[in-house]
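Below, chain A is the first sequence line, B the second, and so on; all start at residue 1.
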4 protein chains.
Amino acid sequence: MSQATLEHTGKRQILVNAAAEVFARQGFAKTRVSDISQHAGVGKGTVYEYFSSKEELFFAVFEWIKNEIRSRVEAVVNDHTPARDVLTTVFRTTAEIITEHREIFSMNLEFWAASRGSAFEDRFSAGCQSMYHEYRELTAEIVRRGQREGEFRPDLDADRISVVIVSALDGLGVQCWFDETVDAVGAAGAFAEALCGGLCVEER
Amino acid sequence: MSQATLEHTGKRQILVNAAAEVFARQGFAKTRVSDISQHAGVGKGTVYEYFSSKEELFFAVFEWIKNEIRSRVEAVVNDHTPARDVLTTVFRTTAEIITEHREIFSMNLEFWAASRGSAFEDRFSAGCQSMYHEYRELTAEIVRRGQREGEFRPDLDADRISVVIVSALDGLGVQCWFDETVDAVGAAGAFAEALCGGLCVEER
Amino acid sequence: MSQATLEHTGKRQILVNAAAEVFARQGFAKTRVSDISQHAGVGKGTVYEYFSSKEELFFAVFEWIKNEIRSRVEAVVNDHTPARDVLTTVFRTTAEIITEHREIFSMNLEFWAASRGSAFEDRFSAGCQSMYHEYRELTAEIVRRGQREGEFRPDLDADRISVVIVSALDGLGVQCWFDETVDAVGAAGAFAEALCGGLCVEER
Amino acid sequence: MSQATLEHTGKRQILVNAAAEVFARQGFAKTRVSDISQHAGVGKGTVYEYFSSKEELFFAVFEWIKNEIRSRVEAVVNDHTPARDVLTTVFRTTAEIITEHREIFSMNLEFWAASRGSAFEDRFSAGCQSMYHEYRELTAEIVRRGQREGEFRPDLDADRISVVIVSALDGLGVQCWFDETVDAVGAAGAFAEALCGGLCVEER
DNA sequence: TATGAATGAGAATTCATTCAT
DNA sequence: AATGAATGAATTCTCATTCAT
C-alpha cells in the first residue's frame, strides 16, 4: 500500500515535472495534454489517472513552483544576521532564481493570466493572493526586526514598504523575461543599497 | 475618401474599445469573437473587415492600452519641478491608474502571457520590451536630472535604479489585482519616501 | 432604352469575359466574386445587378464558352468537301482549340463537376447533355453523308461511331490538360487516318 | 503491433470506402466531413485520426479508385491473344465499368476538377498525369505487339493512336454520365470494329 | 493501473449576398 | 445603376476527455 502510494506519488511528481517543462516551453494554450504525457513517457490516459483535467495539472505545477521558490527564499532568511544583510540576500537570491530559471519563472505570467479566464481562476487567484501575503509578511518581519534592533528607521511603515519590496522583485522577473540584457542581480543590488541607504539609521 | 477613411478608423476604434472591455472582463481565451462583435453592436463578420484574426484584434488592444497609459504618465512628467517631486508624482499617478482601472490593468497579465504561446508572441514580446525600455529611460532621465541638479546622490547607478522603479510599479499592479485590500497609493507613497530618503543628498 | 439595354448587355458580357478568365485561372471554388468584379473593374455589388448568384455567372460562362467552341467547329463543317476531309478538319480544329486555349478548355473539367454538387447541377447537366447530342448529330451527319456518297463503309453504325468520335475529342482535351507534352494535333491526325483507313492489315 | 496496424489500416479503408460513396453521391463541395463519418458509423473526430484534412481523404479516395480501375483493366490484358481481341476486350471492359459503376466513374469529373483550384491540385495533377501515361503505355504496347505480329498496319504511330484510344474511353465515360441512353458497350464495340477494320471503303 | 482510439463540443474564419447610400 | 461595408450562415478542424481493453 505504502509502496503503491509511493509509486503513485512518484508518478504524479514525474507528471508535474514534465508538465512544468512543457508548459514553460510552449505556454498553457499551445500545450496539448499529449505533449506532456509523451514528455513524461506515459500514455495520454495516464495523465487523467492523476489529474482530473489539464487545468488541474496546470494548477499542480503552479503549487509546485510556488513551493520550490518559497523554500529557496526561506532558506536564506536568517534571524541572526543584520536585517539589512538578510534583505540584501533575499533580493540577490530572488534575482538569481529569476536569471537562472528564466523559462520556469516566466510561467508566472501565465499563472497570473490563469487568474482570469481559467476555469480555476478562483484557485489561482487565491493561490497568488496567499503567496503575496506570505512574502509580504516575510519581508515585513525582516523590516520590523530591523526596526526593533535599531537598524532601520522606526518611522517607516513596514507593511507598506513590504508591498513595494515584493512588487519590485516580482516586476524584476517580468522585465528580465522581456529583455535578457536586463541585469537582475545588479539591479537588485542597487535597489538594496538605495533602499537601505534610505532606511538605515546609522547611515544618516 | 478621407470621409471613408475616417469612418473606417472610427469603427476600428469602436471595435478596439469593445474588445478591450470584453477581454478585460473575460480574458482572451474565454472571449469569443462574437462576444466582442455583439458588444460593439455589429455582426461577427465585421470584426474581420478590420482585423484579420482574433489575435490581431487583441494586439490592437495591447497597443492602444500601451499608448493610453504612456500618455497619461508622460503628462505628469515635468522638468521644472524637483526630481524628487516628479518621481513621487509618477509613483502616485501609476498607483492611481492601477487602482481606478483595475480591469484594464489586469489586461497586462494577459498581454504578458501572450508573449508566450500566442501566435503573435514575437510582436507582444517586442511591444513589451520596447515599452519597458521607454519607461526605464523616462525614469533614468528623472534620476539623472536629480543627480545633475544635486538633489540625488551621484554615486548611484541611475540605470539600475530605473529597472527597479519600473519593476516596483509593475509589481504593484499585480498585487493589487490579486488583493483589493492592498493600498497601491499608500505603498507608492511609502516607496517614494523610502527610496528618496536613501537617494537624496540633503537628507543625510 | 435600347441604349440602356445595349449598355446592360455590354457590361454583362464584360463580366462573363472577366469571370471566364478568373475562373479559368483559379477554378470555381477558389474564385471569389470580388476577384471577378475587380478583374472586370467594377464593384462587387455590380455583379449582382447582372447575375443573381456566383453559380449563375458560372453558368453564363459555361454557355458562352459552349457557344464559342460550337461556332468555331461549325465554321469548318462544309458539305461540299469529301466527308473524310471534313472529319479530318473537325479533328484538327478541335485539337487546335484545345492546344491554343488550354486554360479555357480546362474549365470543362469544372463544368462537368458542376453537373454534380452545384446548385445548378440540372442546368449544367442539361447543357452538357444537349451539347453532346448536338456534336454527335453533327458528326453522325458527316458520317452518313460519307456513307451515302460511297466514301465510307455502309455497314457501320454512324450513331455509334459518332459517340466515340465525340468521346475521343473530349478526352483529348483532358489528357492535354494534364500533360502539356501530349500532341493533340498530331494525335487527332493519326486518329483520323487510323479511323478512316483502318488498322488491320488482313482485312484489306 | 501488427494487430494495431492492421486495425488502423482496416478503419482507414472503411473511411475511404464511406467517403467514396458519399463523395460519389453528393460531390466534394456538398459533402461535409460529418456526412462521411456518419456514413462510416464513426465520430467526426475519427476521420481526422486517419486523414489530416477533407482534401487528403478525397485524395485517398482518388488513389484507391485509380488502383481499383487499373487492376481491373490489367486483368483483361493478355499477351497470348491476338492484339485485336485484346483491344476489343479492353474497350468492352472499360465500357462495362463505366456503365455498371456510373456513380464511381462520375468521381473522375471531380478528380479532374480537383486538379484546378484544390489545395492538392499538384497531387491530383500528378496522379492523373501518371495514370494517363500508364494507360497510354499499356495501349501502345498492345498496338506495337499487333504491328510486330503482322496484325496491324506497321506504318501507324502507336503512341499517337494510344493517346486517342485512351481519350475515347475517357470521353465515353463523360457522355454516359450525362446521358444514360448512350450505349457505352455498343459504342466501344463499334469503335473497336471501325478502328480495327477501317472506315473507308476505297482504301480496302 | 495504463493505454490510446474514439469522440464531439466548440470556435475561428470565410465569403456569397444584401442593401443603404 | 453602382457600390462596398456589413452580415451571419455554414463548415472545417482541434484537442480535452472518456472508456473499453
### Query
Could you give the CD-to-P distance, from C/Glu56 to E/dT17, as a whole number of Å?
10 Å
### Task
May I ask you to decide if the ring planes of A/Phe62 and A/Phe111 are parallel, tilted or perpendicular, using 30° and 60° as cut-offs?
perpendicular
### Message
Between C/Lys66 (side chain only) and C/Cys128 (backbone N and O only), is there a donor and an acceptor less than 3.5 Å apart?
### Response
no
#### Entry: Of D/Val33 and B/Thr46, the one whose closest DNA chain F nucleotide lies more 5'
B/Thr46
### Query
E/dT1 P sits how many Å from A/Leu15 CG, rounded?
14 Å
### Query
Parallel, tilted or perpendicular for D/Trp112 and D/Phe105, by the 30°/60° rule?
perpendicular
### Task
With a 3.5 angstrom cut-off on both distances, give the Watson-Crick or G-U wobble partner of F/dA1, or none if there isn't one.
none
### Task
Remember a base hit wins even if backbone is also touched, and classify B/Ser37 as base, sugar-phosphate or nothing at under 4.0 Å, heavy atoms.
nothing
### Message
Below 30° counts as parallel, above 60° as perpendicular, anything between as tilted: where do the rings of D/Phe124 and D/Phe59 land?
### Response
perpendicular
### Summary
The nucleotide from F/dC13, E/dA5, F/dA6 with an atom nearest the side chain of D/Tyr48 is F/dC13
### Query
What nucleic acid atoms does B/Ser53 come within less than 4.0 Å of, heavy atoms only: base, sugar-phosphate, or nothing?
sugar-phosphate
#### Entry: Pairing partner (Watson-Crick or G-U wobble, both distances under 3.5 angstrom) of F/dC15
E/dG8
### Query
Base, sugar-phosphate, or nothing: which does A/Gly45 touch, judged by heavy atoms less than 4.0 Å apart?
base
#### Entry: Shortest side-chain distance from C/Lys44, nucleotide among E/dA5, E/dT17, F/dT11
E/dT17
#### Entry: Between C1' of E/dA5 and NZ of D/Lys11, the distance in whole Å
7 Å
### Task
Rounded to the nearest angstrom, tell me the gap between atom CD1 in A/Ile36 and atom C1' in F/dA16.
11 Å
### Task
Rounded off to whole Å, could you give me the NZ-to-P distance for the B/Lys54 and E/dT14 pair?
15 Å
#### Entry: First encountered from the 5' end of DNA chain F, between C/Gly41 and B/Gly43
C/Gly41
### Query
How long is the line joining CD of C/Gln26 and P of E/dC15, in whole Å?
11 Å
### Proximity to the side chain of C/Glu49 - top-ranked nucleotide from F/dT3, E/dA6, F/dT7
F/dT3
### Task
Measure from the side-chain N and O atoms of D/Glu56 to the backbone N and O of D/Phe51, and report whether any donor-acceptor pair falls under 3.5 Å.
no
### Task
Round to a whole Å and report the spacing from CZ of B/Arg32 to P of F/dG8.
16 Å
### Message
Measure CZ/C/Phe51 against P/F/dA1 and give the value in whole Å, please.
### Response
14 Å
